[in-house]
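Below is one structure; the comments refer to it alone.
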Amino acid sequence: MPYNEAKPATESGSQPPIYPLTIDGKPITDGKLVDVINPFDLSIVGRCPVAEINTLESAVGAATRAFTDWSKRSDSERAEACLKIAQIFEENAQELSALITKEQGKPVDAGGFGSGFEIGGCIGWSQATSTFTLEDKVILDADGVKAVQKRVPIGVVGSITPWNWPVLIAIWHIMPAIRAGNTVIIKPSPFTPLSTLRAVELMNTVLPAGVLNTVTGDAEIGEAISSHPGISKLMFTGSTTTGKRVMINAAENLARCTLELGGNDAAIVLPGAPVTDMAPGLFFGSFINAGQTCGCIKRIYVHEDNYADACAALAAIAKDTNVGDGLHADTDMGPIQNKAQYEKVKRLTQDAIKQGASLLAGGEQVGDGYALTPAILADCKPGMAIVDEEQFGPVIPVIKYKTLDEAIAMANATEFGLCASVWGTDPEQLEHVSDQLVAGTVYVNTHAELNPMVPFGGVKDSGIGVQFGQEGLNTFTNVKIVYNRMPA
Ligand code: NAD
């Protein structure tokens, strides 16, 4: 069941607002409506239609028609559209961040990394995308031959997004796609569709009809998007299992794929590192958005000499963290977004305790929904599911090591390869460890930092391709060579 269950209504009140799909620039509210739930208190935030296969067909038709004109617009015109979209986010920041908080759960502020930050990121990424270039490049100019490389748009892009950063991830998909001259159909997660539907509705006020369209639903419509012959590029962010399905379907049409998938990021704290000073950074890197971030630290490895101090410092911060309703100004951390994820985090925590881990802090439910206090689990070992699997929630295992080689081997012993980090002060050791870690991004003394100018992507089962920066923009283009032999 892909939807959260609402708390039964106890009083009759006003009807929840309905958020329409946008297809060909027009609002669509046809079909079955579903409730979208606030994961902190299980109240209904709003409702939206569930797209049918024929809704997707309308969207593909609209996006295909719009491509003819949009792909021929000048580069500067499309860069200008990115800036107009940034302005739309600035003007509607309060409404959109409140809506994210209600349906996703993250607090508006959260120490500067809540839903307000998510909308700030949308502004930053939209502005940054306007600054990249897609200029023609002369590859060869000799002996009467001139070969010019052009970057041309691919066609209709199908975007499928998860529930953890619904609008920011949507923007990561949409902005480079339309900047490069493609048109887009985006399908948000059925857990958090409303903020994406509203953001796209607002963005449509500055885009030609059909350039950016929404559909809703879960696996069935996701399968239909990834296998649709009218869709030429898939931009997917979500779990590894689903990403593999997307790629299998896309292969049938040779649609291009960028897959941003799961992770099990390790942080290695060097022997002799100032662990008490570094604990806030490690804690933040583990618990941003209550741990529901692909690039969060998911395992912390600490040398045996510093182990007790590191665990105590992390537990002290956890105990000081105020978990609750994201709409309250004093809330540091919000709930887990949905019931399945909540059950998974509880199951992994209990399983680790049964196998000998010590719960130093956290793991308690707050409120009636899916909020849990951040848990610090000491005495964790490889082989425990909490270490080997992606927990994607507010619990972090801390693992003791004796030698750096052992720590590096444990950190790399995973099918994932999204990010990793090394923490300490010895420059040689920092470089040695960062060279050995197998991941798309290796951080030094930080984790989970992203920047629109810096490419980001996973290796191994964490994904294919990169997003962000010029490199990310290029993935929304085909290379076209004009090979010209000049008459003598
Ligand atoms: P998910 O794979 O369950 O769902 C992601 C999206 O895919 C949703 O929109 C869902 O409706 C859709 N979907 C489900 N089945 C489908 C199918 N058969 N075909 C096509 N689409 C289908 O992931 P989730 O639970 O929403 O998100 C959490 C996961 O996302 C975690 O593993 C996390 O690490 C990962 N993630 C990765 C990144 C990154 O940049 N690498 C960023 C955020 C989240």
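Both ligands and their constituent atoms are indexed starting at 1 by order of listing.
Figure legend: cation-pi geometry between Lys233 and Phe476, with NZ or CZ positioned under 6.0 Å from the six-membered ring centre and within 45° of its axis.
Distances between N or O atoms of Glu390 and those of ligand 1 include at least one value under 3.5 Å. The distance criterion of under 3.5 Å between nitrogen or oxygen atoms is met by Gly238 with respect to ligand 1. Considering backbone and side-chain N/O of Arg245, none are found under 3.5 Å from N/O of ligand 1.
Within 6.0 Å of CE in Met410 there are more than 12 heavy atoms belonging to other residues, nucleotides or ligands. Residue Glu220 places its CD atom among 12 or fewer non-hydrogen atoms of other residues, nucleotides or ligands, all under 6.0 Å distant. A 6.0 Å sphere centred on CD of Glu415 holds more than 12 heavy atoms belonging to other residues, nucleotides or ligands.
By the 30° and 60° cut-offs, the orientation of the rings of Tyr342 relative to Tyr370 is tilted.
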For this session: Please step through salt bridge (Lys or Arg N to Asp or Glu O under 4.0 Å) for the pair Asp35 and Arg47, ending with a clear verdict.
Result: CA-CA 5 Å; Asp35 295 334; Arg47 318 184 81 195; 2.7 Å; yes

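Side chains of Glu223 and Asn249: a donor-acceptor N/O pair is present below 3.5 angstrom, by distance only. In summary, the side chains of Gln467 and His173 do not present any donor paired with an acceptor at a separation below 3.5 Å, with no hydrogens or angles considered. A donor atom on one side chain and an acceptor atom on the other are not found under 3.5 Å apart for Ser126 and Thr129.
Between Pro153 and the choices Ile178, Leu134, Asn182, the side chain to side chain contact (heavy atoms under 4.5 Å, CB included) rule is met once, by Asn182.
In terms of heavy-atom proximity, Ser195 sits nearest to Leu99 at CA-CD2, 3.7 Å.
In this structure, atom 18 (N) of ligand 1 lies nearest to the protein heavy atom Glu223 OE2, 2.7 Å. The protein heavy-atom contact nearest to atom 43 (C) of ligand 1 is Asn164 ND2, 3.3 Å. Looking from atom 11 (O) of ligand 1 to the surrounding protein, the closest heavy atom is Asp218 OD1, 2.6 Å. Closest to atom 13 (N) of ligand 1, if we only count protein heavy atoms, is Thr242 CG2, 3.6 Å. The single protein non-hydrogen atom nearest to atom 24 (P) of ligand 1 is Trp163 NE1, 3.4 Å, given as residue, atom name and distance. What sits closest to atom 27 (O) of ligand 1 on the protein, heavy atoms only, is Pro162 CB, 3.3 Å. Among protein heavy atoms, the minimum distance from atom 36 (N) of ligand 1 is reached at Cys294 CB, 3.6 Å. Of the protein's non-hydrogen atoms, Phe392 CE1, 3.3 Å is the one closest to atom 33 (C) of ligand 1.
Selection from Pro190, Ser239, Gly463 by nearest heavy atom to atom 1 (P) of ligand 1 gives Ser239. Taking only non-hydrogen atoms, the option from Thr237, Leu450, Thr258 nearest to atom 5 (C) of ligand 1 is Thr237.
Applying the 4.0 Å criterion to heavy atoms of Ser189 picks out, from ligand 1, the atoms 9 (O). Against a heavy-atom cut-off of under 4.0 Å, Ile169 is close to the following atoms of ligand 1: 42 (C), 43 (C).
For Phe191, no heavy-atom contact with ligand 1 is shorter than 4.0 Å. For Ile160, every heavy-atom contact with ligand 1 shorter than 4.0 Å involves the side chain, none the backbone. Contacts with ligand 1 closer than 4.0 Å are made by backbone heavy atoms (N, CA, C, O) of Thr161 only, the side chain lying farther away. Looking at Gln341 against ligand 1, nothing comes within 4.0 Å, counting heavy atoms. Contact annotation: for Leu261 versus ligand 1, heavy atoms closer than 4.0 Å belong to the backbone alone. Contacts with ligand 1 closer than 4.0 Å are made by no heavy atom of Trp165, backbone or side chain.
For Arg256, there are no salt bridge (Lys or Arg N to Asp or Glu O under 4.0 Å) partners, not counting sequence neighbours.
Residue contacts with ligand 1 do not include Thr241, since none of its heavy atoms lies under 4.0 Å from the ligand.
Annotation: side chain of Ser286 is in contact with side chain of Ile300 (closest heavy-atom distance under 4.5 Å).
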